[in-house]
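Report on the structure given below.
To find a chain, count down the sequence lines: A is the first, B the second, and so on, and within it residues start at 1. None of these values were measured; they are calculated from a predicted model. The basis for the numbers below is simple: all heavy atoms, side chains too, and nothing from hydrogens, waters or symmetry mates.
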Number of protein chains: 2
Amino acid sequence: MRRREIGAALLRIADTKGLQSASMREVAAEAGVSLRLVQYYFQSKNGLLLAGLAYLGEQLSARVERHIRALGTPPTPAGMVYGTLTAILPTDEESRRITRTYAAYYTLVLAEPDLATEHGTAYPDALERFLARQIEAAGAASPADSATIAAGLLALTNGLGSSVLGGQRDGEAALAVLRYHLDRLFGAVAGGGQ
Amino acid sequence: MRRREIGAALLRIADTKGLQSASMREVAAEAGVSLRLVQYYFQSKNGLLLAGLAYLGEQLSARVERHIRALGTPPTPAGMVYGTLTAILPTDEESRRITRTYAAYYTLVLAEPDLATEHGTAYPDALERFLARQIEAAGAASPADSATIAAGLLALTNGLGSSVLGGQRDGEAALAVLRYHLDRLFGAVAGGGQ
DNA sequence: GTTTTCATGATACGACTGTATCATCAAAAG
DNA sequence: CTTTTGATGATACAGTCGTATCATGAAAAC
């Protein structure tokens with residue numbers, strides 16, 4: 001319990017003040033515990049950061065699952081693509097927080113590749129394959145093209161998310177761009193989820 | 001001259017070890033000058049970081065211009081879109097370096113918004129409008145859709161760039177995905193840039 | 001009842017950070 | 001020739017960082 005509280009404090013700081021100012025003392029203060037306690041549960045700063053990344057991944061997975069479930073059962077393949085991508089896009093406070101923190105971790109791992117070894121590409125790869133399967137099942141593309149389309153859609157969503165966080169457009173505008181492309185792919189019938 | 005050398009040293013460190021480890025002492029050592037000198041030319045750390053961002057912008061602009069010019073004169077509108085987006089995509093060492101450093105600045109500005117005030121959205125906004133105009137001129141979309149398509153293409157390119165830096169795919173694979181989408185837009189005739 | 005284990009606190013150490021101060025040297029201005 | 005100005009060096013200061021050490025209390029094991 002204590003461990004998770006501290007992890008939550010880390011994510012809170014990473015979101016508001018950035019990962020680089022999430023020192024062990026700052027995390028301890030935010031969680032209302034002593035510095036020693038942070039050291040106790042996570043042996044080193046790397047341990048703390050790694051655990052935070054794992055917690056963040058859980059939060060994103062839960063959100064995606066929740067979004068897909070909200071589309072009604074059973075969801076169509078096209079609906080699952082809709083639900084997944086719109087869950088990732090930073091449109092409300094929760095998704096903004098998750099996306100922003102992920103961005104912070106992203107550059108941290110870029111500069112310190114030994115932090116997250118293989119854990120890096122596993123998640124997005126799996127997500128991409130999942131999307132490719134749904135696109136194929138929806139009959140929206142040939143098996144040969146579905147992987148390319150899935151990669152494009154995920155990259156598009158991530159890029160749109162970056163532009164939202166950067167203040168270039170708001171969540172609604174980004175959602176409109178995403179919907180435009182999804183509608184062209186699925187033929188504008190696959191109900192706008194959420 | 002001296003000022004520019006120091007700025008180059010900053011960008012070199014930002015690329016290899018990340019922006020957060022680009023301390024003034026480290027930059028001074030990399031540039032082969034004293035710490036005092038870095039303070040002299042840029043009054044504060046913010047000044048140094050801001051100047052580095054400006055230099056980086058110059059490098060990207062120069063690269064895009066070079067890529068477009070390499071398409072032959074006069075380039076077609078479709079060719080300019082090709083040239084611009086493939087110049088941004090991290091396919092060689094120079095573009096990898098630029099993209100990686102931009103990513104570092106991106107999260108830094110996200111966490112410290114007062115660093116780059118208005119300089120933030122101006123550049124990508126202009127780029128997006130430029131692309132929209134070219135798409136419209138190429139007759140590839142209605143004026144109403146061209147803005148949406150341009151935003152999508154830029155976001156797609158940025159997202160693909162992130163996946164390349166993250167090691168999820170290499171530059172060639174990302175280029176293939178980008179070409180796939182551009183070919184669908186322009187009708188597969190607009191010669192493969194570069 | 002004693003011993004071991006888990007959980008927590010207080011504090012110290014050395015390294016690093018950005019910034020500031022004082023001094024020096026060369027060249028240009030007057 | 002003197003004075004001012006631009007460029008450079010050496011060093012100091014106060015703060016923060018991650019980590020380590022020593023100590024204490026409570027609960028569980030035996």
Side-chain angles (χ1 to χ4, degrees), chain A residues 1-56 101 104-105 107-117, chain B residues 1-56 101 104-105 107-117:
Chain A
M1 327 284 113
R2 216 67 183 245
R3 203 181 136 95
R4 207 161 206 97
E5 285 172 24
I6 297 178
L10 164 66
L11 293 185
R12 231 173 302 137
I13 293 178
D15 173 48
T16 55
K17 311 188 196 174
L19 255 190
Q20 82 287 4
S21 53
S23 67
M24 308 205 78
R25 283 171 178 84
E26 183 102 13
V27 170
E30 170 76 24
V33 301
S34 72
L35 167 62
R36 178 68 181 83
L37 213 46
V38 180
Q39 292 184 270
Y40 180 74
Y41 285 108
F42 317 88
Q43 281 68 32
S44 65
K45 174 116 193 238
N46 269 9
L48 175 62
L49 289 174
L50 228 45
L53 184 54
Y55 291 153
L56 188 62
T101 312
Y105 267 107
T107 55
L108 182 68
V109 171
L110 271 197
E112 217 81 37
D114 47 306
L115 207 166
T117 57
Chain B
M1 329 285 113
R2 215 61 180 242
R3 203 182 136 94
R4 208 162 204 96
E5 284 173 24
I6 297 177
L10 164 66
L11 293 184
R12 232 173 301 137
I13 293 178
D15 173 48
T16 54
K17 311 187 196 175
L19 254 190
Q20 80 288 4
S21 52
S23 67
M24 308 205 77
R25 282 170 178 82
E26 183 102 13
V27 170
E30 170 75 25
V33 302
S34 73
L35 166 63
R36 179 66 181 84
L37 213 45
V38 180
Q39 292 184 273
Y40 180 74
Y41 284 109
F42 316 88
Q43 282 68 30
S44 67
K45 174 118 194 235
N46 270 8
L48 175 61
L49 289 174
L50 227 46
L53 184 54
Y55 292 152
L56 189 61
T101 312
Y105 267 106
T107 56
L108 183 67
V109 171
L110 271 197
E112 218 83 35
D114 47 305
L115 208 166
T117 57

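- The listed nucleotides are D:dC22, D:dT8, C:dG18; the one nearest the side chain of A:Arg36 is D:dC22.
- When side chains are defined from C-beta on, A:Thr101 does not count as touching A:Leu53, because their heavy atoms never get closer than 4.5 Å.
- Closest to the side chain of B:Arg25, out of D:dG9, C:dT8, C:dT19, is C:dT19.
- A pairwise comparison of heavy atoms in A:Val33 and A:Val38 identifies CG2-CG2, 4.1 Å as the closest pair.
- B:Arg2 comes within 4.0 angstrom of the backbone, heavy atoms only, and of no base.
- Separating the CG atom of A:Leu48 from the C1' atom of D:dC17 is a distance of 14 Å, rounded to the nearest angstrom.
- Protein atom CG of B:Leu35 is 15 Å distant from nucleotide atom P of C:dT21, rounded to whole Å.
- Remark: B:Tyr40 is not in phosphate contact with D:dT8, judged by side-chain N or O atoms under 4.0 Å from OP1 or OP2.
- If you measure from atom CG of A:Leu37 to atom C1' of D:dT19, you get 16 Å, rounded to the nearest angstrom.
- Atom CZ in B:Phe42 sits about 13 Å away from atom P in C:dT19, given to the nearest Å.
- As a whole-Å value, the separation of B:Gln43 CD from C:dT19 P is 11 Å.
- When all heavy atoms of B:Glu5 and B:Ala31 are compared, the pair lying nearest together is O-CB, 4.4 Å.
- Put simply, the side chain of A:Lys17 does not reach to within 4.5 Å of the side chain of A:Glu30, judged on heavy atoms.
- Residue B:Ser23 places its side chain closer to C:dG18 than to any other of C:dT19, C:dG18, D:dT19.
- The distance from atom CD of B:Gln39 to atom C1' of D:dA10 is 12 Å, rounded to the nearest whole Å.
- If you take CD of B:Glu5 and P of D:dA7, they are 14 Å apart, rounded to a whole angstrom.
- Side chain of B:Tyr41, nearest nucleotide from D:dA7, C:dG9, C:dT11: D:dA7.
- Side-chain atoms of B:Lys45 lie closest to C:dG18 of the nucleotides D:dT19, C:dG9, C:dG18.
- Across the protein-nucleic acid pair, A:Gln20 atom CD and C:dT17 atom P stand 15 Å apart, rounded to whole Å.
- Side chain of A:Tyr105 to main chain of A:Leu49: a donor-acceptor pair is present (N/O by atom type, distance under 3.5 Å, no hydrogens or angles).
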